[in-house]
Amino acid sequence: MNVLQTGNYKNLAATANVKSSAGNLLGMLCATTSSGTVILYDSATTGTSKPITGTITLAAGTYYPIPAGFGDGLYAVIANTANITLFYV
């Protein structure tokens, strides 16, 4: 049996809310970066009290599997320059 991990996606180049309700994060693809970092939070707004990850130093062309659930929403804080795509359900 094959299991496909597919879902929604959102491409970001700046800090933004990705999803404003509960869900599951599948992973993140970094297309380009110049000293970029990202921290992902469990928040429906711009809250930073419930981090999903610590600071991730990004590398261009890298996929980061992040199999994590979030209860409130998904908020991504990007520092410096980065173009990422988050995959979630």
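Source: prediction; values computed, not measured.
Leu40 places none of its side-chain heavy atoms less than 4.5 Å from the side chain of Val18. Side-chain contact between Tyr75 and Thr48: present, with at least one pair of heavy atoms (C-beta onward) separated by less than 4.5 Å. You'll find the side chain of Ile39 stays beyond 4.5 Å of the side chain of Ile56, heavy atoms only.
Note that the OG1 atom of Thr53 and the OH atom of Tyr41 stand 7.5 Å from one another [nearest 0.5 Å]. Note: Leu29 CG to Thr85 OG1 = 5.5 Å, rounded to the nearest 0.5 Å.
When every heavy atom of Ala68 is checked against every heavy atom of Ile52, the shortest pair comes out as CB-CG2, 3.9 Å. Closest approach of Asn17 to Ala44, counting heavy atoms only: ND2-O, 3.3 Å. Scanning all heavy atoms of the two residues, the minimum distance from Gly71 to Ala22 falls at O-CB, 3.2 Å. Counting all heavy atoms, side chain and backbone alike, Ala82 lies closest to Gly36 at CB-CA, 4.3 Å. Across all their heavy atoms, Lys10 and Tyr88 have their closest contact at N-CE2, 4.1 Å. Scanning all heavy atoms of the two residues, the minimum distance from Ser34 to Asn80 falls at O-CB, 3.7 Å.
With Asp42 contributing its side chain and Asp72 its backbone, the two residues share a donor-acceptor pair below 3.5 Å. At least one donor-acceptor pair closer than 3.5 Å links the side chain of Thr33 to the backbone N or O of Thr81. Looking at Thr15, its side chain does come within 3.5 Å of a backbone N or O of Ile78 through a donor-acceptor pair.
In the hydrophobic cluster analysis, where Ile, Leu, Val, Met, Phe, Trp and Tyr join through side-chain heavy atoms closer than 4.5 angstrom, Leu26 is grouped together with Tyr9. One hydrophobic cluster, built from ILVMFWY side chains closer than 4.5 Å, holds both Val38 and Tyr64. Linking ILVMFWY residues whenever their side-chain heavy atoms come closer than 4.5 Å, directly or via other members, places Ile84 and Leu25 in the same cluster. Note on Leu58 and Phe87: separate hydrophobic clusters, where clusters join Ile, Leu, Val, Met, Phe, Trp and Tyr whose side-chain heavy atoms are under 4.5 Å apart, directly or indirectly.
When Leu12, Ile66, Thr62 are each tested for a side-chain contact (heavy atoms from CB on, under 4.5 Å) with Met28, only one passes: Ile66.
Counting heavy-atom neighbours within 6.0 Å of Tyr63 OH, excluding the residue itself, gives a total above 12.
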